[in-house]
Amino acid sequence: MLRKYELSVTSELDNLASIGQFIADTTRALGLSGDEAFAVEMAVDEACANVIEHAYDGKPDGTIEVTCYLEEDRLVVTIRDHGEPFDPASVRCPDTECSLKYREVGGLGLHFMRTLMDEVRFEFDTPEGNVLRMTKVRH
Amino acid sequence: MEVSNTELKHCDLVAVKGRVDSSTAPQLDEALKAIMEKGRYRIVLDLSGVEFLGSAGLRAIVSAYKTCRRWNRGDVRLAELPSRIQGVFDLAGITPLVKIYPEVVLAVGSF
């Protein structure tokens, strides 16, 4: 039977540390390397920060549900919230070739998610809320 | 996360320890602003104790970097990055743009 790990927290920024610890523990338990586990922890942290700041507009009374499990050759993480959806296509990728003087501030979190994970998929306004699914192929 | 500052002769040495995420990055931001508000713009960031650094922490560092570099009055230089934290700077494309030193003493001595 494949083990599925789940965590539910309120949308407070202070809970990012608990989410990080949850991801660190479960990815190692599921057999990911240290570097792979760190990449997943970073991507999940960025995604959850976005949920708190944008989906819940900074309000701490929302819920964030994180699950973590293996599916065939990959690790799957889902992040579910019941806040406002947003259009990821509207977030411009930062120009990482650009000098810092002209570098724009936004978009770095999403860039990290897309670079660190193999798949990043958003589903908004489902009956279960907004669901972000990210996967990382295990090596 | 802990931030401590030591005023040295030619620069400020800021040691950051622990987890720098969207929750704790504002503390780092404030600590750096407090230094710059005193008119001190030469800063060494000792990141040897950093366990995690997300985009919010990067933004705080880049913001201080831009302020310090204005009119060539100073700089923010980084020292002793753990390899995963170095990876975060690489991922953001920031590594070629800032001075990074393997030892704090070298970073401090560079000013």
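Excluded from the calculations below are hydrogen atoms, water molecules and symmetry mates; all remaining heavy atoms, backbone and side chain alike, are included. Per chain, numbering begins at 1; letters A, B, ... match sequence-line order.
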Answer yes or no: does atom [atom1] of [X] have more than 12 heavy-atom neighbours from other residues, nucleotides or ligands under 6.0 Å?
| X | atom1 | result |
| --- | --- | --- |
| A:Glu84 | CD | no |
| A:Asp73 | CG | yes |
| B:Glu2 | CD | no |

>> Quick test of your reading of the model: are A:Glu41 and B:Arg84 salt-bridged, counting only N-O distances below 4.0 Å?
In response: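 No.
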Testing the basics here: between [X] and [Y], what is the closest heavy-atom pair and its distance to 0.1 Å?
| X | Y | answer |
| --- | --- | --- |
| A:Glu53 | B:Ser22 | OE2-CB, 3.6 Å |
| A:Met42 | B:Val88 | SD-CG2, 3.4 Å |
| A:Asp14 | B:Ser23 | OD1-OG, 2.8 Å |
| A:Ala17 | B:Asp21 | N-OD2, 4.1 Å |

Would [X] and [Y] show up in the same hydrophobic cluster when neighbours are defined by side-chain heavy atoms closer than 4.5 Å?
| X | Y | value |
| --- | --- | --- |
| B:Val98 | B:Val44 | no |
| A:Leu70 | A:Val40 | yes |
| A:Val77 | A:Phe124 | yes |
| A:Tyr5 | A:Ile19 | yes |
| B:Leu47 | B:Leu13 | no |

> Got a second to check how far A:Thr115's OG1 is from B:Asp90's CG, nearest 0.5 Å?
Replying inline: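 Reported value, rounded in 0.5 Å steps: 12.0 Å.
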> Measuring from B:Ser55:OG to A:Leu110:CG, what's the distance to the nearest 0.5 Å?
Replying inline: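 Rounded to the nearest 0.5 Å, the OG-CG separation comes out at 10.0 Å.
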>> What I'd like to find out is whether the side chain of B:Arg19 reaches to under 4.5 Å of the side chain of A:Asp45, using heavy atoms alone.
In response: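 In contact.
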> Is the backbone N or O of B:Gly54 less than 3.5 Å from a side-chain atom of A:Glu46, with the two atoms forming a donor-acceptor pair by type?
Replying inline: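 A pair under 3.5 Å: no.
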>> With a 4.5 angstrom heavy-atom cut-off, is it the side chain or the backbone of A:Asp35 that approaches chain B, or both, or neither?
In response: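 Contact with chain B is through both the backbone and side chain of A:Asp35.
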> Contact part of A:Ile52 toward chain B, heavy-atom cut-off under 4.5 Å: side chain, backbone, both or neither?
Replying inline: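 Nothing of A:Ile52, per the 4.5 Å heavy-atom cut-off to chain B.
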> Side chain, backbone, both or neither: which part of B:Leu58 has a heavy atom under 4.5 Å from chain A?
Replying inline: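 Interface part for B:Leu58: side chain.
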